[in-house]
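Order of listing sets the numbers, starting from 1, for every ligand and every atom in it.
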Amino acid sequence: MREIAGSPRVLLRRLREMMAEAAEPQARLDRIVREIASNMVAEVCSLYVLRADSVLELYATEGLNPSSVHLAQLRLGQGLVGTIAASARALNLQDAQNHPAFTYLPETGEEIYHSFLGVPVLRAGRTLGVLVVQNKTKRHYGDDEVEALETTAMVIAEMIATGDLRRLTRPGMELDLSRPVTIDGLSFNEGVGLGHVVLHEPRIVVTNLFNEDVDTELRRLDTALGSLRVSIDDMLSRRDVASEGEHRAVLEAYRMFAHDRGWVRRLEEAVRNGLTAEAAVEKVQSDMRARMMHMTDPYMRDRMNDFDDLGNRLLRQLMGHGPENLAATLPRDAIVVSRSMGAADLLDYPRDKLRGLVLEDAAATSHVVIVARAIGIPVTGQAKGAVSMAENGDPIIVDGDEGRVHLRPQPDVEAAFAEKARFRARRQELYRELRSRPSVSRDGVKVELMMNAGLAVDLPQLGDAGAAGIGLFRTELQFMVAATFPRAQAQETLYRQVLEAAGDKPVTFRTIDIGGDKVLPYFRGSEKEENPALGWRAIRLTLDRPALLRTQFRALLKAAGGRELRVMLPMVTEVSEIRRAREIIDREVRHLARFGHLLPTSLAIGAMVEVPSLLFQLDELMREVDFVSIGSNDLFQFMTATDRGNGTVASRFDPLSAPFLRALKSVLDAGIRAGTPVTLCGELASRPISAMALIGLGFRSISMSAAAIGPVKAMLVDLPVEALTAQMGLILGDGGATHDARAMLRTFAAEHEIPL
Ligand code: PEP
Ligand code: MG
């Protein structure tokens, strides 16, 4: 094969020779840019390297004023070079000066160059610099030239990463490799975790870049692709994914991608240009990641993620790595960093070593987040770029309170968070001490503090937190973390486990509350809903699909054989829905009795008050049920017409204000009139200040997240309930709607030295 000057392959071979020669880093760089310029017949070739202070510094040039090296600078986002670095995408321009981002740096004397090709220097999706060629004429750079420059950029990235270029940096000017980074995301679970990065899918570092022989390398690539396809087929034929479901759909997509001609062609092209098979995978993956960082369409991001995962699998095939045995090498303070992951994946990490979780793509309602909350670790979500910026073992802080991540934090930041974590630990100690104290106010009023749960992993917290029982068991969580509808037996097993863990403490099971934001990937409604929160969900859905309800009732009745069973219905809008559900459960009771099953000793049916229409049929409601529990999350969302998941409006109105508090009081009063117990199990019970307001209103049983029991109990034991009740009268009374109830409650707490 005749090799043409200007081909990526020739360039790569020259680079390889240069890398093998002994040379000072600056001299080597100077030769590299000269070689690129001559190979690509360009008048200019320049390398800019990104420093930790977000400045791109000219490190080497052929063609521009040599005295501007290490002097000419652009900020990230400034000029064409800054734009490439910020967007991690190449720019190929025939007339650069007319580009809106063009900035003229007088010291470089570059105004005479029209055409411009610049590519980001990327490593694992992170931009380390920009490599540019320029020509005086209005020239169009072809695809192979873009490819050649990108491949060269990859070699330079390796020089930066392996420390070759660090010596060129002036003291105090760090390169952009290990700088502290703060990523703003969203708070998915509160708390602070300090520790070290564990990439859920550790990156494999490719150090062998240049191939010896194209054909051998193409064969290696082909063999690895073959094994990859076989391994996906194997996974697909496994029994646990053989049926329908999310898992299967993902694997089907993988299979499709593993055969994707475009992907394979790009890999082969990179090998033909002189890279090893693994370097080719890394290159294609790097381009893909860079593009992914700027993709806003969630569907497209998912597809790109699939390709990225596939790339990782292929790298493992090529480099002989099996799936990593993470547990064995896990640091004591692991903070798992991942784009997204399955709920079961998180449970594979030993709990005692997990300090936090950082996710790029998952939502607050993702299954993995639900599990993370259940095991009580701080979670920051939507932390864009975390995976590509973090390296295994990097120090990291997850600030789940603020929804932030501090990667490689500065010592003062680390010290501040360590103090915060110590403070929390001391408070936890205090809460543990409170566990054995009766749940009684300063003036002797007993208040039952129950916990909310939904998964088997929650159960140890029942004892740890000192809860009086489970006031809300969200049965839909089992459905949400499963790949298909949990079978009757699986449901019964979980319910039995819950009841056994609870011992003689009461448990209230809520029938599945799916729909709205609680989506089951394997079950979709018949049509797309404009407003799923107001749509076909919870009791509406289960009354229309009675088989679901029947199966669940039967599982509950069997699991609770020989003891009390408490069942609660979600999203009831009118009393008739309770009657219909009761008919179904009564039929199940008769069925089980006929077949001689051991039945519960008593059966209590309750309703959640979450839809405001119930506020206007309270007396009828109270006659219909054995107990009522207010779902303040939904009741508040529907009363104030503010979507609870929409950050812009979710905190616009305060539940601690007279209108909402009056609504709660009206439910309590109706309960007293009918002798029907009323409790509350929304988030409102989980904050000491709002729990205090609830107790002031007259609630004597509230259910909250397990982590809230300590702080709420600490508030309760110092609370003078009688004085508070009088204060609540002022808040609720005439003119209450114009008062700042929250401020009044704070003042009350301060005056009575109540910890909030
Ligand atoms: C509520 O709405 O307050 C409630 C407890 O139910 P969920 O948060 O599960 O909708
Ligand atoms: Mg609800």
Quiz question: by atom type and distance under 3.5 Å, do the side chains of Q552 and T475 form a donor-acceptor pair? yes
What are the protein N, O or S atoms, given as residue plus atom name, that sit under 2.8 Å from the Mg ion (ligand 2)? E610 OE2, D634 OD2
Without swapping roles, check the side chain of S629 against the backbone of M608 for a donor-acceptor pair under 3.5 Å. no
Do the side chains of D669 and K665 get close enough for a salt bridge, i.e. N-O under 4.0 angstrom? yes
Taking the basic N atoms (NZ, or NE/NH1/NH2) and the acidic carboxylate oxygens, is any pair closer than 4.0 Å for R474 and D458? no
Decide yes or no for F638 and M571: does some side-chain heavy atom of the first lie under 4.5 Å from some side-chain heavy atom of the second? yes
F636 and F660 aromatic ring geometry - parallel, tilted or perpendicular at 30°/60° bounds: perpendicular
Would you check if there is a donor-acceptor pair between the side chains of R652 and T640 at a distance under 3.5 Å? no
Candidate list L635, L615, V609, test side chain to side chain contact (heavy atoms under 4.5 Å, CB included), partner L664, passing option: L635
Taking side chain as C-beta onward, heavy atoms only, is M692 less than 4.5 Å from L716? no
Using a 3.5 Å cut-off on N/O to N/O, what pairs does ligand 1 make with the protein? A line per pair would be great.
unit_1, atom_1, unit_2, atom_2, d
ligand 1, 2 (O), E610, OE2, 2.8
ligand 1, 2 (O), D634, N, 3.1
ligand 1, 2 (O), D634, OD2, 3.0
ligand 1, 3 (O), G631, O, 3.4
ligand 1, 3 (O), S632, N, 3.1
ligand 1, 3 (O), N633, N, 2.8
ligand 1, 3 (O), N633, ND2, 3.2
ligand 1, 6 (O), R510, NH1, 2.9
ligand 1, 8 (O), R474, NH2, 2.9
ligand 1, 8 (O), N633, ND2, 2.9
ligand 1, 8 (O), R644, NH2, 2.8
ligand 1, 9 (O), R474, NE, 2.8
ligand 1, 9 (O), R474, NH2, 3.3
ligand 1, 9 (O), R510, NH1, 3.3
ligand 1, 9 (O), R510, NH2, 2.8
ligand 1, 9 (O), K518, NZ, 2.7
ligand 1, 10 (O), K518, NZ, 3.3
ligand 1, 10 (O), D634, OD2, 3.1
ligand 1, 10 (O), R644, NH1, 2.9

